[in-house]
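Working notes, beginning with the structure itself.
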Protein chains: 2
Amino acid sequence: MAKPKIHTMEELAEAIGVSRPTLSRYFQDPTKVSKSSVARIVDGLERVEYTPNFFATRMNRKTTGLIGVIIPYLNDLFFTLLLEAIETAALRAGYTVITQCSHADPAIEKRAAETFLSMNVDGAIVAPLGDNSDMDVYARLNARLPFVLMDSRPKALRDVDFIGSDHRQSTGAITEYLCRVGPPPVFLAMPRVNFNALEREAAYIEKMHELGHEPQIVGARLYHEHDHFEAHGLAVLDDMFARGQLIESSILCANDRVAIGALRAASQHGLEPGAQRKGGLRIAGHDDYPLCPFTTPSLTTVAQNVTAIGQTAVDRLLEKLRAENISENQVIRLMDGILKIRESA
Amino acid sequence: MAKPKIHTMEELAEAIGVSRPTLSRYFQDPTKVSKSSVARIVDGLERVEYTPNFFATRMNRKTTGLIGVIIPYLNDLFFTLLLEAIETAALRAGYTVITQCSHADPAIEKRAAETFLSMNVDGAIVAPLGDNSDMDVYARLNARLPFVLMDSRPKALRDVDFIGSDHRQSTGAITEYLCRVGPPPVFLAMPRVNFNALEREAAYIEKMHELGHEPQIVGARLYHEHDHFEAHGLAVLDDMFARGQLIESSILCANDRVAIGALRAASQHGLEPGAQRKGGLRIAGHDDYPLCPFTTPSLTTVAQNVTAIGQTAVDRLLEKLRAENISENQVIRLMDGILKIRESA
DNA sequence: CACGGATTTTTACATGCGTTAAACTTAACG
DNA sequence: CGTTAAGTTTAACGCATGTAAAAATCCGTG
């Protein structure tokens, strides 16, 4: 209700009759001030409008209480789920998260990392773009502050802590499942936007060889725009279905968004992918995108444990930034994927 | 390359033989420094590693170059598209965007707004939670800095600039379309997470009356968790289809995510919604969620002009913060929705 | 070689708060 | 009533930069 506005702690001190250092201590930790003073301050704050200056506090504290997070795409529910997990975990630990999205642009990604450096964030969690990432900035980040990679793991940053999925296990699991219940699957690749694409492809090949089948990969480079996975899956399969190819195959898609495009292609050609029909078309994905249960048919996939990845990334970061003596041992945590068997395969 | 690290501008000045004020001016605007100096500075910066301190610069400049953005959900592609549009527009104008997600929690939302105040952001763009938002903080925001609301418009903030969709027009348009090509639609409501839900409902009712039909609303309060729209649509219709209700109706869903759940319910009951079949089930949505073209059947809907909303919000904000004399006239821009006729209705 | 304009350096103060040391109050305790 | 410990105030400096005014330097001209 139109409280008088106070801009500096100095003024506030004068207004409520407490010294500035006491106020400073109060804002950092109220228990470090006597009860009588706390009462007076709380009372005073109710009568005036004051918020400590964000920059001034952060500039002077030895710790900023900030965690920087970079993700490559925003229009992907996988990354937003990841972000959500990170934000809740960080919030619970009392940290403020600064999020930046690189929008698939290495220049923006670099700028974001530099911003984090100039903000003296306490730590950074990054899902890198991949090959195109500016490795120098990340090397600098890693040298200067606690740093954890997630989701994707550039070759140039092999010595950095990493939290992600075990694509060898997850892709292996679904490949094996598909082989068990039907013909050995073809792999519908996705645009090579990061290393996961290649890892899944490799894991598929390995598992197929292990099971004595010949791997077959399609769609590795038809559609080149990043982040248009559904359109990619649709384009590749629409083309092949039109030629009568793959219409009775099992198709393992590199991720669920590609698979959603694949489902669409099937529907356009009057095909009904499903586990029931012996010998018919099957389509499976990877990730357990939130919409998988709602597609028609619902999509069989392997779930990435997104929540665990986010949570673990934060945990590891906190561990690093609490330990003054930087523990030299690198931590790599690969989460297992969990089969989600639904209707499509 | 292990460049020597330099922490302050003072040290940098000494290292490359230029005075600190000159460096300061250089970092703010290189054209304000003579060419010879620029050359020397650029050359020097290549040999040492230095980034100006984010907080110190922001604390002292009269303008921080920051724009604060708050969105209510992250796991919704509508909002991520909006965010993307805002970020690109802001970046183009040379501003840095600080994003905060309220995660459907008014307390977090309030904290985010207060953070913006304490950061002295140049302006703020907010998609509010709705009824639960803390109106006091937003009133303070509006009083202290250029402020623009988008997407949803709380009653308590009627005098604030607003950029959003004209739900009366958009919902009217699709209602009319549905009436034209088939039986008058039933409205499948969504959980009342914000005012748009109600606006669309009202717009539907109005248009139905205008066309001489009796409005019918279902699912207004069955499923209460926010942000689980697909599950809501599925639950409501699964229930009704099981009782043989609505199986030959036109169903207008409050948004596309609800509609995706509705499509799933139809599929579970062996129903195939579509425009072709005279007299059969029809399902339509609202928003043009990015996955609409890929559902089975592809979803007929009305597109919200997300990009334009984001762009316009930024434009308006820039306009306000460039004009010292705060123009008193409130700006409200409601974008028209565009019919996207696909297979489902 | 002197001169005027442009640029840079010097010098000094400002921002808002963290932090420290010493002086001071206060309340409790013997 | 003197002593002591806990908490507070005073005073002063530090952080990394912005900014402004005055002094110094540079450049090309006439």
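All chains are named by letter (A, B, ...) in the order of the sequence lines, taking the proteins before the strands, and each is independently numbered beginning at 1.
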With a 4.0 Å limit, can you tell me whether S24(B) has a side-chain N or O closer than that to the phosphate oxygens OP1/OP2 of dT19(D)? no

Answer with yes or no after comparing the ring centroid distance for Y50(B) and F27(B) against a 6.0 Å cut-off, counting only values under it. yes

Is R153(B) close enough and on-axis enough to F162(B), meaning under 6.0 Å and within 45°, for cation-pi? yes

Does Y50(B) make a side-chain N or O approach to OP1 or OP2 of dT17(D) shorter than 4.0 Å? yes

Side chain of A56(A) - closest among dG18(D), dG16(C), dT9(D): dG16(C)

Is the shortest side-chain N/O distance from K32(B) to OP1 or OP2 of dT7(C) below 4.0 Å? no

Quickly work out the M9(B) CE to dC15(D) C1' distance and round it to whole Å. 14 Å

Under 4.0 Å: is that the gap between some side-chain N or O of T22(B) and OP1 or OP2 of dT9(C)? yes

Taking only side-chain nitrogens and oxygens of S34(B), does any of them come within less than 4.0 Å of OP1 or OP2 of dA6(C)? no

What is the distance, to the nearest angstrom, from the CG atom on L23(B) to the P atom on dT7(C)? 17 Å

When M59(A) and K62(A) are each assigned the nearest nucleotide of DNA chain C, the 5'-most assignment goes to M59(A)

Which part of the nucleic acid does S36(A) contact within heavy-atom distance under 4.0 Å: base, sugar-phosphate only, or nothing? nothing

When you compare the side chains of Q330(A) and D159(A), does any donor N or O come within less than 3.5 Å of an acceptor on the partner? no

On a plain distance test, is the side chain of R20(A) in donor-acceptor contact with the base of dG18(C) below 3.5 Å? yes

Starting from P on dC17(C), measure out to CG on L12(A) and report it in whole angstrom. 9 Å

More than 12 heavy atoms from other groups under 6.0 Å of CD on E14(B): no

Which nucleotide in the set dG16(C), dG18(D), dT10(C) lies at the smallest distance from any side-chain heavy atom of P21(B)? dT10(C)

With a cut-off of 6.0 Å (strictly less than), are more than 12 heavy atoms of other residues, nucleotides or ligands near CZ of R333(A)? no

Could you tell me how far apart Y26(B) (OH) and dT7(C) (C1') are, to the nearest whole angstrom? 17 Å

Rounded distance in Å - CD (E10(B)) to P (dG18(D)): 12 Å

Measure CZ/F55(B) against C1'/dG16(C) and give the value in whole Å, please. 14 Å

Rounded to whole Å, how long is the line connecting atom NE2 of H7(B) with atom P of dG14(D)? 19 Å

Side-chain donor-acceptor pair present, T63(B), D122(B), cut-off under 3.5 Å: yes

Taking only N and O in the side chain of T57(A), is any of them less than 4.0 Å away from OP1 or OP2 of dG16(C)? no

Of the candidates dT19(C), dG18(D), dG18(C), the side chain of Q28(B) sits closest to dG18(D)

With respect to the side chain of N60(B), which nucleotide from dC17(C), dT8(C), dG18(D) is positioned closest? dG18(D)

Could you state the CZ-C1' distance from R25(A) to dG18(C), rounded to the nearest angstrom? 12 Å

